Amino acid sequence: MHYFPLFADLKSRPVLVVGGGSVAARKVNLLLQANAEIRIVAQKLNLELTTLEAQGKVFWLAKHFSAEQLKSVFLVIAATNDEQLNQRVFRLAESQHKLVNVVDDQPHCSFIFPSIIDRGSLQVAISSAGRAPVLARLLREKLEALLPQHLGKIAEISGKWRDKVKQRLHSVTERRRFWETLFSGRFVNLVKNQQIELAEEELARQLENDYQGGVVSLVGAGPGDAGLLTLKGLQEIQQADVVLYDALVSDEILGLIRRDADRIFVGKRAQRQYVAQEDTNQLLVKLARQGKRVVRLKGGDPFVFGRGGEELETLVENRIPFSVVPGITAGIGATAYAGIPLTHRDYAQSAVFVTGHRKADASDIEWQTLARSHQTLVIYMGTLKASFIAEQLQQHGRDSNTPLAVISQGTQLTQTTLVGRLKNLAELAKNAPTPALIVVGEVVELHHKLAWFGEDKQRQKRPHFTLDSLAIGQVA
């Protein structure tokens, strides 16, 4: 162990910083976060430090360094571009038994600054003993992605309740088990949702052995590419005890689920109902009441033609706590990967998302609104009714030569984009793999210019048809 890791309380403690440039400013900003009393010795201050000095956040002690300045300080930092001065600061600080850091000069450091992950009351520090600071930074970035922001609040509440837990639970083993249960259940979900009062009520209930069940998180998996899953979505599925997923969730995303979590398929495909929606709703309630952390994982975004609202209504009726993690909907993800901007000043000033699969009869659809020109129409689950959709749009004013695309398996390696005209929609939809998205509008003209995903393969395999013919473009 090259350095002993510890966390120092710098609140209101004097720290001497020798140097007034950008390097010194970086260290000063870090020390200010710890509420240290900053004393600066420098011939001049840069703009950032000048501003801090004018605001009274730092004290410009002197222009020249002297040994006397070390006597009453807790830490010393040398951050000048004068190597001899830096080494002098180090030697004098060592002689007075002060902890000292010469920036970017590891041999002249009795302490070093680690890479820090700050979650308020919870902090993680990573050090390579000054040997590989870039490696430490890269590791910190990876951990930043795994540690949710609300961990600090959890630690803060826990500290507040620590004495009460000790009074109620007398053995170390009892207390350890209590905190482990608390940190893996409903309490954490309530803190994450900023429901602090309810979280403390939950803590009190659990302390009295009155635990009331699990939680449900409704998570949007995005259109298929695992890289488009949100950070918060990844955190949820890796903490889940059980995941209910549908047919639109890609294998790559399913592979991110914690290995010991239960997986339950509740998907549907067009005209082939595997699990009734009501059964899925009740299963969410049942699993939550068993005290489990449940994730309902849905392709795209759960609130965009995903029936997420219906599932949450059932949870509300049964007093099951829940949260929602939005996902990138297919209309945004698939079109972006196909090089089709939904809006463009020269082509479309608005975009409309509709579903081709409706709960009731489609007679109430405002086709005249959907058929407007210079508007991008994105149709989910519309391939089975493609002929009817094309007929209605043309009858209500959309030009039969309006460009359109049918994008299959959007954002995945198997993505395929079929491009043609509105009059050809039925034929394109018949040949398109599912799941597929229909895009109608002038912006489709940009597909051949802006398509980027799998560009090399696309150039090798795609013939250059005009949009007046039935052009087929392979994007993979």
Side-chain angles (χ1 to χ4, degrees), residues 3-15 26-38 57-58 74-75 77 99 101 111-128 136-208 211 215 217 230-236 238-239 293 321 323 325:
Y3 287 88
F4 183 77
L6 57 83
F7 290 87
D9 181 6
L10 297 183
K11 185 177 182 180
S12 300
R13 294 183 185 273
V15 176
R26 284 205 312 270
K27 300 304 181 184
V28 165
N29 280 316
L30 192 60
L31 293 165
L32 285 174
Q33 293 178 38
N35 297 305
E37 177 193 303
I38 311 297
K57 294 182 178 180
V58 300
F74 187 70
L75 293 178
I77 297 166
L99 289 172
N101 176 280
F111 81 93
I112 57 177
F113 287 89
S115 290
I116 299 170
I117 301 169
D118 189 359
R119 296 292 183 269
S121 297
L122 184 71
Q123 295 176 323
V124 179
I126 304 167
S127 170
S128 65
R137 177 178 58 79
L138 291 173
L139 181 56
R140 185 206 73 205
E141 291 172 358
K142 290 182 182 296
L143 291 176
E144 283 275 11
L146 296 175
L147 300 177
Q149 293 292 329
H150 61 269
L151 286 178
K153 192 64 179 180
I154 290 173
E156 181 183 330
I157 296 172
S158 301
K160 177 181 174 182
W161 281 77
R162 191 175 180 188
D163 288 341
K164 292 181 181 179
V165 172
K166 282 185 177 180
Q167 293 171 9
R168 177 73 172 79
L169 305 173
H170 301 295
S171 76
V172 173
T173 300
E174 283 182 312
R175 293 196 293 271
R176 176 179 56 79
R177 288 176 179 171
F178 168 78
W179 290 118
E180 287 177 350
T181 300
L182 187 78
F183 295 152
S184 61
R186 184 171 181 260
F187 166 79
V188 172
N189 198 71
L190 290 168
V191 176
K192 178 188 67 179
N193 295 341
Q194 295 298 309
Q195 297 172 314
I196 306 305
E197 186 175 338
L198 290 176
E200 295 202 48
E201 290 177 5
E202 176 66 17
L203 192 158
R205 275 198 300 269
Q206 292 205 39
L207 193 55
E208 297 300 323
Y211 179 57
V215 295
S217 182
T230 66
L231 172 59
K232 198 168 186 178
L234 175 62
Q235 292 169 346
E236 289 290 341
Q238 291 187 338
Q239 294 171 5
R293 292 177 62 93
S323 61
V325 180

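One is the number of the first residue; the rest follow in order along the sequence. Please read these numbers as outputs of a predicted model, since none were measured by experiment.
- Between the side chain of N189 and the backbone N or O of V215, no donor-acceptor pair lies under 3.5 Å.
- Other residues, nucleotides and ligands contribute more than 12 heavy atoms inside 6.0 Å of the CZ atom of R176.
- Between W179 and F183, the angle of the ring planes stays under 30°, which puts this pair in the parallel group of the 30/60° scheme.
- Applying the side-chain hydrogen bond (donor to acceptor under 3.5 Å, both in side chains) test to Q195 and every residue at least two apart in sequence or in another chain returns nothing.
- Contact check for E236 versus K192: side-chain heavy atoms found under the 4.5 Å cut-off.
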Margin query: R168 vs R175, test: side-chain contact (heavy atoms from CB on, under 4.5 Å). Steps then yes/no.
Written below: CA-CA 9 Å; R168 177 73 172 79; R175 293 196 293 271; over 6 Å; no
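- The distance from atom CG of L198 to atom CG of L190, rounded to the nearest 0.5 Å, is 6.0 Å.
- For the residue pair E202/Q206, the side-chain donor-acceptor check at 3.5 Å is satisfied.
- By the ring-ring contact (aromatic ring centres under 6.0 Å, His included) test, F74 pairs with no residue at all, sequence neighbours left out.
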Name every donor-acceptor pair, under 3.5 Å, that has one atom in a side chain of residues 29-36 and the other anywhere in the protein, sequence neighbours excluded.
residue	atom	partner	partner atom	Å
N29	ND2	A25	O	3.1
N29	ND2	E48	OE2	2.5

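- Proximity of V28 to V58: side-chain heavy atoms (C-beta onward) are separated by under 4.5 Å at one or more points.
- Residues forming a side-chain hydrogen bond (donor to acceptor under 3.5 Å, both in side chains) with R26 (at least two apart in sequence, or on another chain): none.
- With rounding to the nearest 0.5 Å, the separation of CZ in F187 from CZ in R205 is 12.0 Å.
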For residues 146-159, dump all side-chain donor-acceptor pairs below 3.5 Å to protein atoms at least two apart in sequence or in another chain.
residue	atom	partner	partner atom	Å
K153	NZ	E156	OE2	3.3
S158	OG	I154	O	2.7

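- The CD1 atom of I196 sits 9.5 Å away from the CG atom of N193 when rounded to the nearest 0.5 Å.
- Ion pairing between a basic and an acidic side chain is recognised when a charged N comes within 4.0 Å of a carboxylate O; R137 and E141 show such pairing.
- Taking each heavy atom of V325 and G233 in turn, the nearest pair found is CG1-N, 3.6 Å.
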Next item on the list: Applying side-chain contact (heavy atoms from CB on, under 4.5 Å), run through L169 and L207 and close with a yes or a no.
Entry: CA-CA 9 Å; L169 305 173; L207 193 55; 4.2 Å; yes
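- Listed by chain and residue number, T173, E174 satisfy the side-chain contact (heavy atoms from CB on, under 4.5 Å) test with S171 (two or more places apart in sequence, or in another chain).
- Here the straight-line distance linking atom CD of E144 with atom CD1 of I117 works out to 5.0 Å at 0.5 Å rounding.
- The distance from the CD atom of E37 to the CZ atom of R13 is 11.5 Å, given to the nearest 0.5 Å.
- Using a cutoff of 4.0 Å between basic side-chain nitrogens and carboxylate oxygens, E201 and R186 are not scored as salt-bridged.
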Note to self: L203 vs F178, test: side-chain contact (heavy atoms from CB on, under 4.5 Å). Steps then yes/no.
What the structure shows: CA-CA 10 Å; L203 192 158; F178 168 78; 4.1 Å; yes
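- If you take OG on S127 and CZ on F111, they are separated by 12.0 Å, rounding to the nearest 0.5 Å.
- One finds a salt bridge joining E200 and K160 here, because a Lys/Arg side-chain nitrogen approaches an Asp/Glu carboxylate oxygen to under 4.0 Å.
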